[in-house]
Amino acid sequence: MEENPKERKMSVILRKKCIVKAMNEYLSPERHHKLTLSNLDLLSGRFPVTYLYLYYHSRSDRGSINISNNVFESLKTSLAKTLSYYYPFAGRIVEDPQTSQTLIICDNNGALLVEAVANIPLIHLDFYNLNQTLEQILVSCLNPDEFPFPVQVQVTCYTCGGVSITFTFDHALGDATAFGNFLSSWSQLARDMPLSCIPDLDLGRSLPPRLPPTYHPYFNHVFVKCTLEDIRNIPKTGILLKRLYFVDASSINHLQTLASADGNKRTKIEAFSAYVWKIMATSIDKSHANCKMGWLVDGRGRLSHSSMSNYIGNVLSVAIEEASIVEIKQGSISAIANNVHRAISKVTNEAHFQDLIDWIECHKPGLMLPRFVLGREGPALVISSGRRFPVAELDFGFGSPMLGTVSSTIKNSGVGYMNQRPSATGDGSWVISAILWPQLAAALESDSVLQPLCASHLQKS
């Protein structure tokens, strides 16, 4: 009996590995050999961050995508050009044995680029269950002892001619804005286009603490000094499920209407956060009276320096709010959205980021994290918005992607995460990447707002 392609177990064969170095003709001898992480870089936690893009075969006159040697070589060449502008991404991240400071050694050690082949068509991927899918379509190890590359890329070809590309970065290199600029630059160079962003690798590293450093006592309660071992040994919390969801534009608009019902206009992400927080409260066992939510906030535009939009590094903080489970269960979407708005507003200002820089200065050397990220303060969920992150525009010369999203290779998480990205369909819908505990996943899926992502969500109407 002939095998049904839909029932075929996915397998991926690695075909080629290569180390891509920055093209020397672009490198300037004046550039620093070593870069010390900025204070805000130390708040990154050294977590691996993975971006996943899927390119279905084109039905236009261009024909199907074919990841031939020529295409792979094109990606390799354009990556080498990109690393010349983003030279720390081709370096090594090490700890100075004398000072215990984390450094980026800009020695052009290179980035890892892998080519692989899958035995199924792209459309048969399990888009919803990232635990299973990611294991096979990304470079599986970000262990510096085995693969000392802070940038790792896997290009996988499918039987239909489609392609997936996964990009895994060490968070010490930058945040979502920095990685978005890197990917945009790479796609532009792949198409022989001028760069829309000339990366600034120094500005954020020159943000000085005050003399003497000064900060509000609040920061001692929210942030904590930690080690890489603390991060790797986060206690098991059961937050293991990696999922992709689709949220259509009508649901987003409806939530925003509910959140703005008392006359205060709330953003879409504030409205969505209020909805998720209310669902989250139903998923927490009775041993907890309170729960927390956090929101990642970009400091670019909050600091009174010249434009930091092209700065490549970390400029993130986190807004955190705690509430009683009873209060959240009983509250309206608009009331909860008001709480969300107030919490985020507290950190979207220069004073907060200057205090944070000063707090980190007083606790160096080492890494820093929000305390709740280490999983020691009860149930919590962090939400980030990627509305400006490049999705549909990330064309490497074989068309726009049908999906662009983010996840992580972390094995255990101290908090849940939800990352919002615009859908590649361009109709106002969202794709949500989530790391959840089972009870929260079940509660979210019992309602109709977050739909498990499937192939039909990725097709343009």
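Position 1 is the first residue of the sequence, and the numbers go up from there. Because the structure is a prediction, the values reported are computed rather than measured.
- Taking all atoms of both residues into account, the shortest heavy-atom contact from C291 to W277 is SG-NE1, 3.3 Å.
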Show your working on side chain to side chain contact (heavy atoms under 4.5 Å, CB included) between I239 and L436 and close with a plain yes or no.
CA-CA 5 Å; I239 305 174; L436 306 170; 5.5 Å; no
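- Shown here are the ring-ring contact (aromatic ring centres under 6.0 Å, His included) partners of H171, two or more places apart in sequence or in another chain: there are none.
- Geometrically, R243 engages Y128 in a cation-pi contact defined by less than 6.0 Å to the ring centre and at most 45° from the axis.
- Contact check for Q154 versus L112: no side-chain heavy atoms found under the 4.5 Å cut-off.
- In this structure the side chain of S429 reaches within 4.5 angstrom of the side chain of T425, judged on heavy atoms.
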Side-chain donor/acceptor pairs under 3.5 Å, residues 216-223, sequence neighbours excluded:
{"unit_1": "H216", "atom_1": "ND1", "unit_2": "Y218", "atom_2": "N", "d": "2.9"}
{"unit_1": "N220", "atom_1": "OD1", "unit_2": "W359", "atom_2": "NE1", "d": "2.9"}

Please report the C-alpha distance between N314 and L173 in whole Å, then the side-chain angles of each, then the deciding distance to 0.1 Å, and finally whether the side chain to side chain contact (heavy atoms under 4.5 Å, CB included) criterion is met.
CA-CA 7 Å; N314 288 281; L173 291 174; over 6 Å; no
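- Residue pairs that meet the salt bridge (charged side-chain N to carboxylate O under 4.0 Å, His left out) test with at least one member in residues 371-380, sequence neighbours left out, are K292-E377.
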Donor-acceptor contacts, no H, no angles, side chain residues 379-394, under 3.5 Å, sequence neighbours left out:
{"unit_1": "S384", "atom_1": "OG", "unit_2": "N419", "atom_2": "OD1", "d": "2.3"}
{"unit_1": "S385", "atom_1": "OG", "unit_2": "Q420", "atom_2": "OE1", "d": "3.0"}
{"unit_1": "E393", "atom_1": "OE1", "unit_2": "V391", "atom_2": "N", "d": "3.3"}

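- Under a 4.0 Å N-O distance rule, the pair D355/R210 qualifies as a salt bridge.
- A search for ring-ring contact (aromatic ring centres under 6.0 Å, His included) contacts involving F272 returns W430, not counting sequence neighbours.
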Verdict with supporting geometry, V153 and V151, side chain to side chain contact (heavy atoms under 4.5 Å, CB included)
CA-CA 7 Å; V153 183; V151 176; 4.1 Å; yes
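- Residue pairs meeting the salt bridge (charged side-chain N to carboxylate O under 4.0 Å, His left out) criterion with at least one member in residues 328-347: none, sequence neighbours excluded.
- In summary, of the residues considered (W186, F182, F149, F89), a ring pair (Phe, Tyr, Trp, His ring centres under 6.0 Å) with F167 occurs for W186 alone.
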CA sep, side-chain torsions, deciding dist, call: S164, Y53, side chain to side chain donor-acceptor pair (under 3.5 Å)
CA-CA 6 Å; S164 67; Y53 283 80; over 6 Å; no
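- I93 and P150 get closest at one heavy-atom pair: CD1-CB, 3.8 Å.
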